[in-house]
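All remarks here apply to the structure that follows.
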Amino acid sequence: MEFSQFVQNLLNGLAIGSVYAIFALGYTLVFSILGIINFAHGAVFTLGAYFTYTLVVGEFSNNGLLKGVALFPDGSPLSGNPLTFALATLLGAAGAGLIAVLIERLAFRPMRSRGADPLLALVSSLGVALVIVNLIQLLVGAEIYNFPSDAYGETPPALSFTLGGKIVIIRTVQVIIFAVSLVMLAVLGYVIGRTKIGKALRAVAENPTTASLLGISVDRFIVITFFLSGFVGGLAGTLVGTAFGVAGPYFGVTYGLKGLAVIVLGGLGSIPGAVLGGLVIGLAEAFVPAEYSAYKDAVAFALLFVILLVRPQGLLGRAAIQKV
Amino acid sequence: MDDFLQTYGFLIATMLQAGLLGLSLYFPLQAGQLSLASPGFYAVGGYAAAIMLTNPAFAGLRDTLGNGMFPLTWLAGAVLGGLLGVIVGVPALRLRGIYLALATIAFVEILRVVALNLTVTGGAVGIFGIPQAFGFQDRWQYIFLFLPLLLLTLLFARQLERSRVGRALRAIREDELAADAMGVPPTQYKVLAFVIGAVLAGLVGAMSAPFLNTWNAKQGTFDASITILAAVLIGGSRNIWGPVVGGALLAAVPEVLRFLADWRLVINGLVLVVASLYLPQGIVGALERLGRPRPPQRPTSAPVSAAEVKS
């Protein structure tokens with residue numbers, strides 16, 4: 001591989017890997033607090049993209065439903081402005097966060113209060129995913145929606161530079177994805193590592209019973225966790241949507257599964273692990289040679305399988321303590 | 001009777017098939033192992049049958065054997081499923097709980113991507129025009145295949161449960177370390193239960209390829225894993241009738257809800273949510289409890305989980 005090709009793959013891998021990372025953070029946050037995997041996370045990712053699309057364009061071609069709900073319709077002074085798009089993205093992510101809270105309230109909390117089998121929580125969250133995905137399909141159809149090309153305003157579509165006589169091209173949207181992900185990771189890292197909320201969250205994750213004895217309202221922090229989880233999931237949805245278009249109701253399914261590979265690779269429940277896992281899988285996919293690109297989707301799962309056999313606790317996870 | 005079979009026969013065959021797949025997941029679950037690999041073995045068994053029944057390479061064999069070809073494809077499906085079960089099971093069963101579940105999901109996904117890209121499996125299009133088993137004229141006639149297999153499997157499961165092996169599996173499910181200490185080698189028994197499930201899934205796949213007439217990568221997906229798991233949990237995972245009842249029920253729901261047209265998948269999701277919230281022991285578990293006198297009330301002190309006591 002030539003050096004310029006190497007750099008190109010590296011940049012592509014970092015961009016997609018950072019999306020995997022923030023998406024997987026949502027999974028791992030919930031897992032670290034509740035010890036369950038929320039299979040509806042992929043559906044929340046999809047919703048984030050749809051919410052943002054609704055705010056920016058406000059119209060779905062299928063049946064005209066949601067017509068005119070755009071906050072920033074075409075031709076208004078605010079459309080085509082990167083700040084407007086950023087605001088819509090944040091609102092979309094917040095909407096996804098609220099949905100995640102709703103999911104917790106309806107599908108997880110009733111089960112938690114009865115101390116049910118975690119397997120049932122898995123089935124329940126799958127049921128929720130099925131409901132969301134099919135509702136989207138019923139309401140706005142299965143088409144691919146593309147964000148307007150001027151979403152970022154006047155920014156050039158791609159940046160390029162020469163390296164050893166070869167041109168390396170990186171799309172602006174990739175740069176934005178990478179930058180937003182980094183900022184998001186930094187903010188989340190700060191919230192969890194340095195603030196009082198984060199301290200309480202970690203206490204709940206460590207031992208809910210002790211945390212509640214110490215006066216921490218466990219239910220409230222579970223709600224906060226789900227909101228954060230939905231927020232980063234929805235944000236990842238919009239980011240991927242801007243890069244590839246919002247590809248129908250099943251948009252999030254692949255990400256949902258790959259996100260699982262990411263968090264196990266990094267270490268279930270580990271936040272730095274989710275970041276590392278995302279970057280590793282993004283890079284591994286970017287370096288799949290073109291002639292094997294059909295097998296790209298298997299890379300994450302092959303890595304997952306291998307890591308489970310070699311180091312089941314993941315790259316950065318703690319080994320589970322065997323209780324005797 | 002004829003009218004009845006014309007109308008409902010296909011649905012009944014589908015329900016029996018779903019019950020069988022539920023049982024394939026039940027065997028490892030009996031040893032406490034949550035495996036989601038069944039659709040992988042099912043897909044491989046189906047591909048084996050589909051290839052043997054349509055590929056020109058097997059034309060000579062088909063001419064010689066005639067209808068005998070079908071039992072041969074079942075054998076191939078079962079053996080392939082079993083072999084793959086050993087290959088995957090030996091390393092994967094070192095894992096527990098959610099990790100085993102994720103490893104088996106990874107296995108199913110890898111198989112799916114491979115099936116999508118091979119020529120012999122027909123790539124993304126898959127294999128179609130698979131001839132009907134024994135020249136069946138109607139799809140409901142597959143009841144003649146699925147029903148005996150289901151009865152045999154139930155009989156086998158019942159005998160297994162009562163045997164030494166069955167007791168060992170239950171011991172491992174309740175407490176692996178204790179079982180190990182009592183001289184029950186957990187790994188061997190866990191792999192055994194996993195392979196039994198794999199053989200069954202491979203066999204059902206081989207029977208289902210002609211039933212569905214076409215076979216493609218959609219047969220073995222994550223969605224399929226989840227549907228089967230949901231069937232077992234909703235039916236009840238502690239009794240051999242649970243997977244059968246759950247499988248049959250979940251296979252019937254979309255048909256029964258046909259009048260809801262586009263809404264039925266939404267309702268399907270709601271059924272999963274409501275059932276997992278309100279039937280934690282599954283339908284069979286709930287019925288069992290109805291038939292039994294209430295256990296004496298426990299003292300109402302704060303519940304302390306076993307894990308907390310131990311740590």
Side-chain angles (χ1 to χ4, degrees), chain A residues 31 35-37 39 106-108 110-111 114-135 137-138 207 209 253-254 256-258 260-261 263-264 268 292 294-306 308-309 312-314 320-324, chain B residues 29 34 88 91-92 94-114 116-117 123-124 177 222-223 226-227 229-230 232-234 237 262-282 303-308 310-311:
Chain A
F31 185 87
I36 50 168
I37 289 187
F39 271 99
L106 296 177
F108 289 123
M111 210 169 270
R114 262 180 289 132
D117 191 335
L119 275 185
L120 288 168
L122 191 148
V123 173
S124 168
S125 65
L126 279 160
V128 171
L130 204 59
V131 171
I132 294 178
V133 164
N134 286 291
L135 272 181
Q137 182 145 4
L138 280 177
N207 189 330
T209 319
V253 173
T254 322
L257 278 176
K258 278 190 190 162
L260 285 179
I263 56 174
V264 177
L268 262 181
Y292 297 112
Y295 289 94
K296 213 174 196 168
D297 276 344
V299 168
F301 301 105
L303 278 175
L304 166 64
F305 204 78
V306 171
L308 279 173
L309 299 181
Q313 72 270 35
I321 298 156
Q322 192 95 36
K323 283 174 180 154
V324 182
Chain B
L29 212 54
L34 172 64
V88 179
R94 287 165 44 214
L95 302 166
R96 288 156 204 252
I98 193 84
Y99 290 99
L100 176 63
L102 293 173
T104 50
I105 290 175
F107 158 71
V108 171
E109 280 298 300
I110 293 169
L111 268 187
R112 185 180 68 86
V113 175
V114 171
L116 269 176
N117 290 294
L177 278 170
F222 173 66
D223 282 356
I226 291 316
T227 315
L229 173 67
V232 174
L233 292 181
I234 285 174
S237 60
D262 296 339
W263 286 91
R264 64 197 173 124
L265 284 171
V266 177
I267 308 285
N268 224 350
L270 287 176
V271 168
L272 290 189
V273 177
V274 172
S276 49
L277 288 180
Y278 297 105
L279 288 171
Q281 303 291 320
V304 181
S305 80
E308 276 172 287
K310 286 177 197 164
S311 56

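Ranked by heavy-atom pairs shorter than 4.5 Å toward chain B, the options A:Leu260, A:Leu257, A:Leu122 are led by A:Leu257. When each of B:Val108, B:Leu111, B:Ile226 is scored by its heavy-atom pairs under 4.5 Å with chain A, the top score falls to B:Ile226.
Contact between B:Val273 and A:Val128 at its shortest, heavy atoms only, is CG2-N, 3.6 Å. Looking at every heavy atom in both residues, A:Leu309 comes nearest to B:Arg94 through O-NH2, 2.9 Å. Minimum interatomic distance between B:Val113 and A:Ala294 (heavy atoms only, all atoms of both residues): CG1-O, 3.7 Å.
Proximity to chain B is limited to the side chain of A:Leu304, based on heavy atoms less than 4.5 angstrom apart. When heavy atoms are compared at a cutoff of 4.5 Å, A:Ile132 does not approach chain B at all. For chain A, the nearby part of B:Leu34 is the side chain; its heavy atoms alone come within less than 4.5 Å. Contacts between A:Ile36 and chain B at a heavy-atom distance below 4.5 Å are absent for every atom of the residue. Interface remark: A:Phe39 contributes side-chain atoms only to the contact with chain B (heavy atom separation under 4.5 Å). Of the atoms belonging to A:Ala261, not a single heavy atom falls under 4.5 Å from chain B. Only the side chain of A:Val264 comes within less than 4.5 Å of a heavy atom in chain B; its backbone stays farther off. For A:Leu135, the parts lying under 4.5 angstrom from a heavy atom of chain B are both the backbone and the side chain. Within the 4.5 angstrom heavy-atom criterion, atoms from both the backbone and the side chain of B:Val114 approach chain A. Using a 4.5 Å cut-off between heavy atoms, B:Ile98 touches chain A through its side chain atoms alone.
Within the 4.5 Å cutoff, the side chain of A:Tyr292 has no heavy atoms near those of the B:Asn117 side chain.
Distance check: A:Phe301 CZ to B:Leu102 CG gives 10.0 Å after rounding to the nearest 0.5 Å. Here the CG atom belonging to B:Leu116 is positioned 9.5 Å from the OH atom belonging to A:Tyr295, to the nearest 0.5 angstrom.
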